[in-house]
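Order of appearance sets the numbers: ligands from 1, and atoms from 1 within every ligand. Computed from a prediction, not measured in an experiment: that's the story for all the values here.
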Amino acid sequence: MAKSAEVKLAVFGRAGVGKSALVVRFLTKRFIWEYDPTLESTYRHQANIDDEVVSMEILDTAGQEDMLQREGHMRWGDGFVIVYDITDRGSFEDVAPLKSLLEEVKKPKNVTLVLVGNKADLEHARQVSTEEGERLAAELSCAFYECSACTGEGCVSEPFHELCREVRRR
Ligand code: GDP
Ligand code: MG
């Protein structure tokens, strides 16, 4: 029987960037237009990654929790998906402070994360270039993906799978 691993992943990013849409797209391959933005949910998912069965617990944060709750979520997680919206520069500017807070909370451990620029289908409204996303990811030393929860383009599963791999490597 294959080895089994448990990985706790938390998804962070400003409200409205598409965290819930991304998680649900990853889990169901479907896009659902509206979620209660105040809702925080945890999902369980099993995937076969590099011949290993990985059990994920995924926390979809609401993005409007207070500092204490947020730090609790950060302590809980083994790995983090930070999401911004390519049509919302403010959401991109939220990323670096989130990483700093993660480092603060996880000290002295290294923070395992991936960066996702969502809503890649809205090219006409783009405010953050792909190059800027890549540069930020290089600064944060993490993998970078652009994708669309809406159309599924850019392979929505890959960030989650890569994050599992990195958590397992640590
Ligand atoms: P959250 O607050 O980060 O969980 O964001 P939601 O998942 O609730 O999404 C916020 C809004 O953005 C909703 O109206 C979604 O339909 C929309 N949305 C999410 N992902 C995408 C995407 O990839 N493309 C487009 N066009 N809209 C998206
Ligand atoms: Mg949400």
So the protein N/O/S atoms within less than 2.8 Å of the Mg ion (ligand 2) come down to Ser20 OG

re atom 6 (P) of ligand 1, the protein heavy-atom contact at minimum distance is Gly18 CA, 3.7 Å

Residues Cys147 and Val116: closest non-hydrogen pair is SG-CG1, 3.6 Å

Quick check: are there more than 12 heavy atoms from other residues, nucleotides or ligands sitting under 6.0 Å from CD of Glu134?
yes

Original post:
Taking a hydrophobic cluster as the set of Ile, Leu, Val, Met, Phe, Trp and Tyr residues connected by side-chain heavy atoms closer than 4.5 Å, whether directly or through intermediates, do Met74 and Leu140 fall within one such cluster?
Top reply: yes

Atom 13 (C) of ligand 1: closest protein heavy atom, distance to 0.1 Å, is Trp33 O, 3.4 Å

Within the 4.0 Å heavy-atom cut-off, what Asn118 brings close to ligand 1 is side chain

Please work out which of the three classes, parallel, tilted or perpendicular, describes the rings of Phe144 and Tyr84, given edges at 30° and 60°.
parallel

Task: Short N-O contact, Lys8 and Asp78, less than 4.0 angstrom - done: no

Nearest non-hydrogen protein atom to atom 23 (O) of ligand 1, with distance, is Ala149 N, 2.9 Å

Margin query: Below the 3.5 angstrom mark, is there an N/O of Leu122, backbone or side chain, next to an N/O of ligand 1?
Written below: no

* Asked: Going by distance only, is there an N or O of Ala15 that falls short of 3.5 Å from an N or O of ligand 1?
  -> no

Closest to atom 26 (N) of ligand 1 among protein heavy atoms sits Asp121 OD2, 2.9 Å

Residue, atom and distance of the protein heavy atom nearest atom 7 (O) of ligand 1 read Ala21 N, 2.9 Å

Honestly, for Val17 the part within reach of ligand 1 (heavy atoms, under 4.0 Å) is both

| task | Could you walk me through whether Ser100 and Glu103 pass the side-chain hydrogen bond (donor to acceptor under 3.5 Å, both in side chains) test, one step at a time? | result | CA-CA 5 Å; Ser100 304; Glu103 276 173 344; 5.0 Å; no

Logged contact type for Asp85 with ligand 1, heavy-atom cut-off 4.0 Å, is neither

Ranked by distance from atom 14 (O) of ligand 1, the top protein heavy atom is Glu34 OE2, 3.2 Å

TODO: Tell me, with the steps shown, if Thr87 and Gln127 meet side-chain hydrogen bond (donor to acceptor under 3.5 Å, both in side chains).
DONE: CA-CA 5 Å; Thr87 72; Gln127 291 182 0; over 6 Å; no

> Going by distance only, is there an N or O of Cys147 that falls short of 3.5 Å from an N or O of ligand 1?
Replying inline: no

Nearest non-hydrogen protein atom to atom 10 (C) of ligand 1, with distance, is Gly16 O, 3.5 Å

May I ask you to check whether Phe26 and His45 place their ring centers less than 6.0 Å from one another? yes

Atom 18 (N) of ligand 1 has as its nearest protein heavy atom Lys119 CE, 3.7 Å

Look at atom NZ of Lys109 and say whether more than 12 heavy atoms of other residues, nucleotides or ligands are closer to it than 6.0 Å. no

With under 30° as parallel and over 60° as perpendicular, where do the rings of His73 and Phe12 fit, or are they tilted in between?
tilted

